[in-house]
Amino acid sequence: MSEVLLVVAHGSRDPRHAATVHALVRRVRSLRPGLRVETAFLDFNLPSVPGTLDRLAAEGVRDVVALPLLLTRAFHAKADIPAVLRQAPPSLRIRQAEVLGSSPLLVAAVERRLYEAGLAPGDKSTTGVILASAGSTDPEAIAAIAETARELRRTGWCSVRPAFASASLPRTEDAVRAMRADGVRRVAVAPYVIAPGRLPDRIAAGSAEADVLADVLGPSEELARLLIQRHDECRTAERVAVA
């Protein structure tokens, strides 16, 4: 096996989290049948990242692209994942791909979930969207969420504002009320999170006064395509550097 794509997820005590991650990885495999894709978790769930890397080395794998299953580049991508990857067996050559970050595919995934929740493209001019993320204290992460909100707004929704379940303000419920106070006719909350868990549940609880609550991004085709894109970008960057 020439190479493995290792999707590195955060992990959660909530069993829905791991189930969603595994469903997303299955979709990635279906889109790129020739690529071996493995899953590992930083915490709470198995397989762990160190255990998976040891197993891959024992199988004779030599090249691994480690892809953080993260929407923004914050502490986990900057510190936790690099630290655990440095402990890998020396026989493995590991390259860390970029986080999912801002992408038209993420905007399309958010819109897919909004439409599945009952909205239609014709509702955009009268509907405001609260883009509700988990939250972070990292300015780079906050800026990335704001950029995605701007990109979503450019697709035609009458208003789009970010909100956060922790670490940052405003909270989802406050953003919903502020948008309503501005006269927006219909308010929808779009959880900008990958999998269910404690913070997505907090987003849902804060959406009580909204008209529409979309689902998490989950194993959407757009998200799976973005994982493959980040993998390919990592490989291309390496080839360019070598050249």
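- At distances below 3.5 Å, at least one donor-acceptor pair connects side-chain atoms of R29 with backbone N or O atoms of V37.
- No side-chain donor-acceptor contact under 3.5 Å links H17 to the backbone of G197.
- With hydrogens and angles disregarded, no donor-acceptor distance shorter than 3.5 Å links the side chain of T236 to the backbone of E233.
- A salt bridge links R93 and D63; the closest N-O separation between the charged side-chain nitrogens and carboxylate oxygens is under 4.0 Å.
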Next item on the list: Start with the C-alpha gap between L106 and L217, add the side-chain angles, then the distance that decides, and say whether side-chain contact (heavy atoms from CB on, under 4.5 Å) holds.
Entry: CA-CA 8 Å; L106 286 173; L217 299 177; 4.2 Å; yes

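- No continuous path of hydrophobic side-chain contacts links I130 to W157 [ILVMFWY only; heavy atoms under 4.5 Å].
- Taking CD1 from I142 and OG from S168, the interatomic distance works out to 3.5 Å, rounded to the nearest 0.5 Å.
- Remark: the backbone N or O of S12 is paired with a side-chain donor or acceptor of N45 at under 3.5 angstrom.
- For the pair G218 and T20, the tightest heavy-atom approach, listed with the atom from each and the gap, is CA-CG2, 3.7 Å.
- For the pair A141 and A74, the tightest heavy-atom approach, listed with the atom from each and the gap, is CB-CB, 4.1 Å.
- Hydrophobic clustering of Ile, Leu, Val, Met, Phe, Trp and Tyr side chains at less than 4.5 Å, counting indirect connections, unites L92 with V8.
- With respect to K78 and E140, a salt bridge is recorded, a charged nitrogen being found less than 4.0 Å from a carboxylate O.
- Interatomic distance, CD of Q96 versus CG of L67, reported as 9.0 Å (0.5 Å rounding).
- For K124 and E111, the salt-bridge test passes: some basic side-chain N is under 4.0 Å from an acidic carboxylate O.
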Check: Would F164 and I145 satisfy side-chain contact (heavy atoms from CB on, under 4.5 Å), going step by step from the backbone distance to the final call?
Finding: CA-CA 10 Å; F164 307 93; I145 299 296; 4.1 Å; yes

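- Side-chain atoms of R202 come within 3.5 Å of backbone atoms of A165 as a donor-acceptor pair (strictly under, hydrogens ignored).
- Between H22 and F41, the two ring planes are perpendicular [angle over 60°; tilted spans 30° to 60°].
- Heavy atoms only, all atoms of each residue included: T126 and V184 are closest at O-CG1, 4.4 Å.
- We find that R16 and D201 are joined by a salt bridge, their nearest charged nitrogen and carboxylate oxygen being less than 4.0 Å apart.
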Next item on the list: Show your reasoning for whether side-chain contact (heavy atoms from CB on, under 4.5 Å) applies to I94 and L6.
Entry: CA-CA 10 Å; I94 301 178; L6 179 62; over 6 Å; no

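- S220 and R112 share no donor-acceptor pair across their side chains, judged by distance under 3.5 Å alone.
- Note: L100 CG to L227 CG = 5.5 Å, rounded to the nearest 0.5 Å.
- Under the 3.5 Å distance criterion, the side-chain polar atoms of D211 are left unmatched by any main-chain donor or acceptor of A188.
- A single hydrophobic cluster is not seen to contain both L69 and L199; linkage of ILVMFWY side chains at heavy-atom distances under 4.5 Å, directly or through other members, places them apart.
- A continuous path of ILVMFWY side-chain contacts below 4.5 Å connects V107 to Y115, so both sit in one hydrophobic cluster.
- Taking each heavy atom of S133 and I203 in turn, the nearest pair found is O-CD1, 3.8 Å.
- Salt bridge absent: E98 and R230 never bring a charged side-chain N and a carboxylate O closer than 4.0 Å.
- With E3 as the fixed residue, the salt bridge (Lys or Arg N to Asp or Glu O under 4.0 Å) test singles out one of R235, R62, R32: R235.
- Between atom OG of residue S136 and atom NE2 of residue H76 there is a gap of 8.5 Å, rounded to the nearest 0.5 Å.
- With contacts defined as side-chain heavy-atom distances shorter than 4.5 Å, the pair L114/V129 qualifies.
- Two residues are said to be in side-chain contact when any heavy atoms from C-beta on lie closer than 4.5 Å; L119 and R186 meet this criterion.
- For R13, the CZ atom counts as loosely surrounded, since its 6.0 Å shell holds 12 or fewer non-hydrogen atoms of other residues, nucleotides or ligands.
- The pair R185-D123 does not count as a salt bridge, with every side-chain nitrogen at least 4.0 angstrom from each carboxylate oxygen.
- Summarising the geometry, atom OG1 belonging to T39 is positioned 12.5 Å from atom CG belonging to L46; distances are rounded to the nearest 0.5 Å.
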Margin query: Apply side-chain contact (heavy atoms from CB on, under 4.5 Å) to residues L35 and H231 and explain how you reach the verdict.
Written below: CA-CA 10 Å; L35 177 64; H231 165 268; 3.9 Å; yes

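- Judged by distance alone, with hydrogens and angles left aside, the side-chain atoms of T155 form no donor-acceptor pair with the main-chain N or O of E151 at under 3.5 Å.
- Side-chain contact between I194 and V216 is absent, with no heavy-atom pair separated by less than 4.5 Å.
- Summarising the geometry, atom OG1 belonging to T72 is positioned 8.0 Å from atom OH belonging to Y192; distances are rounded to the nearest 0.5 Å.
- In this structure the side chain of L42 reaches within 4.5 angstrom of the side chain of I81, judged on heavy atoms.
- Salt-bridge formation is detected for the pair D174/R177: a Lys NZ or Arg NE/NH1/NH2 atom is positioned less than 4.0 Å from an Asp or Glu carboxylate oxygen.
- Taking both residues in full, the closest heavy atoms of P170 and A175 are given as CG-CB, 4.2 Å, listed atom of the first, atom of the second, then distance.
- A donor-acceptor contact shorter than 3.5 Å is absent between the side chain of Q229 and the backbone of S103.
- The shortest non-hydrogen separation linking L213 to P191 is CD1-CG, 4.1 Å.
- With contacts defined as side-chain heavy-atom distances shorter than 4.5 Å, the pair L53/R55 does not qualify.
- The pair R225-E222 does not count as a salt bridge, with every side-chain nitrogen at least 4.0 angstrom from each carboxylate oxygen.
- Between the side chain of S207 and the backbone N or O of A210, no donor-acceptor pair lies under 3.5 Å.
- Residues M179 and V110 are members of separate hydrophobic clusters, defined by side-chain heavy-atom contacts under 4.5 angstrom among Ile, Leu, Val, Met, Phe, Trp and Tyr.
- A salt bridge links E38 with R36; the closest basic N to acidic carboxylate O contact falls under 4.0 Å.
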